[in-house]
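A short write-up of the structure that comes next.
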Amino acid sequence: MNLFWIPLLPLLGTLMPLLTERLGRSACALMTAILPAVSLAMVLSAAPGIFQGETLEQSFSWIPAIGLELAFRLDGLALLFCLLILGIGLLIILYARYYLSAQDSMSRFYAYLILFMTAMVGIVTANNLIQLWLFWELTSISSFLLISFWNHKTEARKGARMALTVTGAGGLALLAGLLLIAHIVGSYDLSVVLASGDTLREHAAYPVALVLVLLGAFTKSAQFPFHFWLPHAMAAPTPVSAYLHSATMVKAGIFLLARFYPVLSGTELWFLTVSLTGLATLLLGAYIALFKHDLKGLLAYSTVSHLGLITLLLGMDTKLAAVAAIFHIINHATFKASLFMAAGIIDHESGSRDMRKLNGLWKYMPHTATLAMVAAASMAGVPLLNGFLSKEMFFAETLHQVSLGSLSWMVPVLATLGGVFSVAYSTRFIHDVFFNGEPIDLPKTPHEPPRYMKIPVEILVGLCLLLGIFPGYIVSGLLSSASSAVLAGQLPEYSLSIWHGFNLPLLMSVIAMLGGLMIYYNRRHLYQFQAQFPETDAKMVFERLVQALVAGATQVHKFFENGSLQRYMILLLTFALILTAGPLMDLNTTAGLRPHLPVGGVELTAAVLLCLSALATVIWHRKRMIALLTLSVVGLIVSIAFARFSAPDLALTQLSVEVVTVILLMLALFFLPQRTPKESSPRRVVRDLAISALIGGIVGTINYAMMTRPLDSISDFFLANSKVGGGGTNVVNVILVDFRGFDTLGEITVLGIAALGIFKLIARMRLFMPAGDENGRPWARDRHPMMLAVISQSLLPLALLVSVYIFLRGHNLPGGGFIAGLVTSVALVQQYVAHGVDWIKERLKLDYQWLIGSGVLIATLTGLGSWLFERPFLTSWFDYFKLPWIGKFELASAMLFDLGVYLTVVGATLLILANLGKLTTNHRPIQPESE
Amino acid sequence: MEAVYAVCVGLLTFSGIFLCLRGRTFPVVMGLTLLSYAVNLFLFSSGRLKLDGAAILGTSYTYADPLPQALVLTAIVIGFAMTAFVVILAMRARADLGNDHVDGRLPPQPEIKPRRKKDQA
């Protein structure tokens, strides 16, 4: 059999209600039930084998690269849960058909419900830790959707959010725990994990893993102190409460405990944590349940209490206790689901769930009342019903409890006390609702529900009776196979029978019965006692906590993101400082082994000049024009430095870029304020100085450390192949247009995009234009001085000739497309400066956007051209030719590429500068000269 | 020589970062320009300093490392494009928002109190 189908069929079934909604309510319910029913049949068909002790396993590759697979496992425990989930799920589908009103969207409800069913089946059949967790989270999400099904009600939304927060947080803890387990064991495979219990328990990280997994289980199963979400989840429609919050989802935590019982239990830590948590939950839930006037509230706290009972059983250090726990899972699911359904019927047919109003319903709905009373009796542990059997086993086990040492006697006493309360609230459920006088102003006159609505309840109550009277026949196979899965095959001796003779557990049961009835009889005194305590609403506390958390998060967020760029910069830089300073401290000596170069007078002078002008820029930065001038000095010295340190290409580039940058910044300054106001406080200036000095120091240190260490470069390859492979002796240029041509293509594209972006920014910019300089002096009337115009005009042909020369020789001597493009731009910009935009426009009909476009296009086409010769993109070609008169010369495809670079650079630079310059010349106001 | 070079790079970084931390756009643009000088010099020096290494094949026995040079060359050009973009953005922000503060709005109250007349006297 293919195990894959067991969760997959319900998953497909999620679509069924959506598709069949139009066929009518009954048809929709029927069609929805089909696929889960098939899945149930498949599980049942596998049951005989599993009763024999088989374990079915199957796996499919999921993400093989990281060792993840979809793995499924069907053993006794999974079989038991599958039966509960699918079986009760089918009953719920039938019940919900009659429960939901005409206004409720049936398809949405069923789709959520089946999605939840898939998730649950996925959890119990998972054989991979990650997969288990994935389905685990899916149950949280689908239960969120189900609780908030009536999303117009505020308590539904709040309850759903609370459930999601608590179980989701637990889910994260579980993920951490599972990852830790997988790390310890070395596998995500559950079968491997289950076989390595000793490795796990002896590992140092075992307590951490255990606590994390327990957090996941306790939040899901509403164990103290996380129990508070469950009563608020009762805002869900009753079928959901019956399904999720009694029979299945809250049992997922129990399932987890049972699943990992073989590997995680057996230590002091497990026994103490699990049993004490269970005990506290058992008592607290049972006590509070007694005071709830809401029918579902009583059942919710009773569920909390019973979940605590199961947890307590799993936390006891006897094998028989584990068997009892499994048995109680079955029993609790049957009687609690039927009780919830009965409560839903009462709510549905009388319009109220308040036990102070609901009285004497026996007369109005005897059939339902009988069913509810049997189920409630089972909850109380009345003999001949299944609740009695597991409660007897529970009492018996508490007597063998030794993990609390000399205090162990407390456990049976407290367990009996829990039993007393359990009897008391069960009695209240029966007596308050069905007897105790007449109903008090109910919205509707109570009556029996539709026939089919009672069928699910009847089936479950019938099971309660059958299990209670003939336990050995009905459940022994299931119980023993599930228990042996939990106990890793070592099944203890136990007997499922009603009568074990007069013994201590029976006495405890009798005490619980009599005590419970007595408490219920004297309930008024207890209510008065309880009324002294102020009632705390978990919802309010939770909302307050959430709001405090959100407020705290907002505070933190506001601290980091207050809209101030200066704040972001300082945070970023401080962080960078911390990151870089640490490793530098580990470096023993700053200076490396590489021999240092001698310092000459020229270099020293240049360095001093550079430092002085950089500092001058900082000091005078508020006088912008002066700062710009000192800035340009820095740029010039940088280009000289490139020339000095054997990089003529860089020197040429830096020099020409420097020219266009300064022109650009001067143009920009024309439109910006000439001075920066003094607005930084002295404290801020000192802080900024300190941060930037530290970073400057660190960068300088790193640079020094790097330069003084020997170099192991990949450049030898370029040096060796530049001439033979690229046909050029200027290695820098060959790298640009040939070896790393693809990078260059990207770079000129970026250049073009930046220029076009600037073009868009300039368009429709409305600027304030000053009529004079900062001191109020008017601009000169002579816009285009004659001398500048004449000289620049006569220089133009020369400059263009130089740029062509630089372009052509670029492959073999310093130069190339970038530099030639910049030289051309500078020459043309000079014409703009000398003659103005309009003068140029008449004479030079160049569209710079087209220039950029054609440049990038030529470069790309050159690259694509190599495809014609069946070579990879941008493969270069070169050869030498001879022409009379001229002699030998070289032609290379790289030159065409370089032409593209050239055109793009010219286009981009001029597009920026010419457009910006145009703004200044259009309507410049001219002050009349003051005489 | 290396120490002098490193001091220059460190000082350029310091100046650039200090100006980048100012509140008005134009000093920030100048700071970015200074910072890009520092970055270019830093990257360039990753090929180590050579006083008379050849840049052209066949002219010497020792060569300057061409790879950082090629990288820095494009970095200079792209740096110009970026400076241009930032400065035009600053102008546009001034035009549209009416001030040249980096946050697009003037700080609510000046951090520095205007000097009293008594002090100036």
Side-chain angles (χ1 to χ4, degrees), chain A residues 563-566 569 596-597 599 607 610-611 614 618 621 624 627 631 638 645-650 653-654 657 661 664 668 671-673 676 679 681 688 692-693 695-697 699-700 703-704 707-708 711 713 715 718-719 723 729-732 735-736 747 751 754 758 761 765-767 818 912, chain B residues 1-4 6-15 17-21 23-24 26-27 30 33-34 37 42 45-46 48-51 53 55-58 63-67 69-70 72-74 76-78 80-81 83-85 87-89 91-92 94-95 100 102-103 110-112:
Chain A
S564 159
L565 183 71
Q566 287 163 290
M569 287 286 291
H596 294 202
L597 291 177
V599 186
L610 180 109
C611 293
V618 171
H621 76 268
R624 295 182 172 177
L631 182 72
V638 169
F645 296 113
S646 330
D649 289 278
L650 287 188
T653 316
Q654 180 68 50
V657 162
T661 307
L664 171 81
F671 298 104
L672 290 172
T676 308
E679 57 186 3
S681 60
D688 292 353
S692 30
I695 292 183
V699 169
N703 196 15
Y704 181 70
M707 278 188 292
T708 50
L711 173 65
S713 170
S715 295
F718 298 120
L719 289 171
K723 179 73 179 160
T729 50
N730 181 2
V731 188
V732 175
I735 291 177
L736 283 177
E747 271 148 4
L751 194 65
I758 289 168
L761 276 177
M765 179 150 63
R766 291 188 301 172
L767 288 159
F818 275 112
I912 297 168
Chain B
M1 181 67 82
E2 276 80 0
V4 176
V7 167
C8 289
V9 170
L11 197 86
L12 283 176
T13 314
F14 157 74
S15 317
I17 286 179
F18 181 76
L19 287 181
C20 281
L21 287 169
R24 300 295 170 137
F26 198 75
M30 288 197 294
T33 312
L34 280 174
Y37 291 146
F42 186 102
S45 72
S46 69
R48 309 298 183 266
L49 303 181
K50 277 220 176 71
L51 278 182
I56 306 302
L57 290 180
Y63 293 102
D65 195 337
L67 190 60
Q69 293 193 19
V72 171
L73 200 154
T74 50
I76 293 172
V77 180
I78 296 273
F80 163 69
T83 308
F85 193 85
V87 85
I88 304 288
L89 198 63
M91 287 171 59
R92 185 71 195 249
R94 168 106 199 283
D100 69 334
V102 285
D103 300 334
E111 287 180 29
I112 205 165

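In this text, all values refer to a predicted model and were calculated from it rather than measured experimentally. Throughout, protein chains are lettered first and strands after them, A, B, ... in sequence-line order, and every chain is numbered starting at 1.
- Listed here is the closest heavy atom pair of A:Leu736 and B:Thr74: CD2-CG2, 3.4 Å.
- Using a 4.5 Å cut-off between heavy atoms, B:Leu67 contacts chain A through both its backbone and its side chain.
- In this structure, A:Tyr704 and B:Ala6 approach most closely via the heavy-atom pair CB-CB, 3.7 Å.
- Put simply, of A:Val699, A:Val599, A:Ile758, A:Val732, the one with the most heavy-atom pairs under 4.5 Å next to chain B is A:Ile758.
- Contact count versus chain A (heavy atoms, under 4.5 Å) is highest, among B:Leu89, B:Leu21, B:Thr13, for B:Leu21.
- Taken to the nearest 0.5 Å, the CD atom of B:Glu2 stands 6.0 Å off from the CE atom of A:Met707.
- For chain B, the nearby part of A:Phe718 is the side chain; its heavy atoms alone come within less than 4.5 Å.
- When each of B:Gly23, B:Ala64, B:Cys20 is scored by its heavy-atom pairs under 4.5 Å with chain A, the top score falls to B:Gly23.
- In terms of heavy-atom proximity, A:Ala754 sits nearest to B:Phe85 at O-CD1, 3.8 Å.
- When each of A:Ala627, A:Pro673, A:Gly697 is scored by its heavy-atom pairs under 4.5 Å with chain B, the top score falls to A:Pro673.
- If you tally non-hydrogen atom pairs under 4.5 Å between each of A:Met569, A:Gln566, A:Lys723 and chain B, the highest count goes to A:Gln566.
- Of the listed residues A:Thr676, A:Asp649, A:Thr653, the one with more heavy-atom pairs under 4.5 angstrom with chain B than any other is A:Thr653.
- Between the CZ atom in B:Arg24 and the NE2 atom in A:His621 there is a gap of 10.5 Å [rounded to 0.5 Å].
- At a 4.5 Å heavy-atom cutoff, the contact between B:Val4 and chain A is made by side-chain atoms alone.
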Legend entry - Working for side-chain contact (heavy atoms from CB on, under 4.5 Å), residues B:Leu12 and A:Leu610: CA-CA 9 Å; B:Leu12 283 176; A:Leu610 180 109; 4.1 Å; yes
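- Considering all non-hydrogen atoms of both residues, A:Val618 and B:Phe18 come closest at CG1-CD2, 3.6 Å.
- For chain B, the nearby part of A:Phe818 is the side chain; its heavy atoms alone come within less than 4.5 Å.
- For B:Gln69, there are no side-chain hydrogen bond (donor to acceptor under 3.5 Å, both in side chains) partners at least two apart in sequence or on another chain.
- Listed options A:Arg624, A:His596, A:Gln654 were ranked by heavy-atom pairs under 4.5 angstrom with chain B; first place goes to A:Arg624.
- Across every non-hydrogen atom of B:Ala70 and A:Ile735, the tightest pair is CB-CG2, 3.6 Å.
- Heavy atoms of B:Arg94 lying under 4.5 Å from chain A belong exclusively to its side chain.
- For the pair A:Ser646 (side chain) and B:Lys50 (backbone), a donor-acceptor distance under 3.5 Å is present.
- A:Ser715 is linked by a side-chain hydrogen bond (donor to acceptor under 3.5 Å, both in side chains) to A:Ser713, B:Asp65, counting only residues two or more places apart in sequence or in another chain.
- To the nearest 0.5 Å, atom CG of residue B:Asp100 and atom CG of residue A:Leu672 are 6.5 Å apart.
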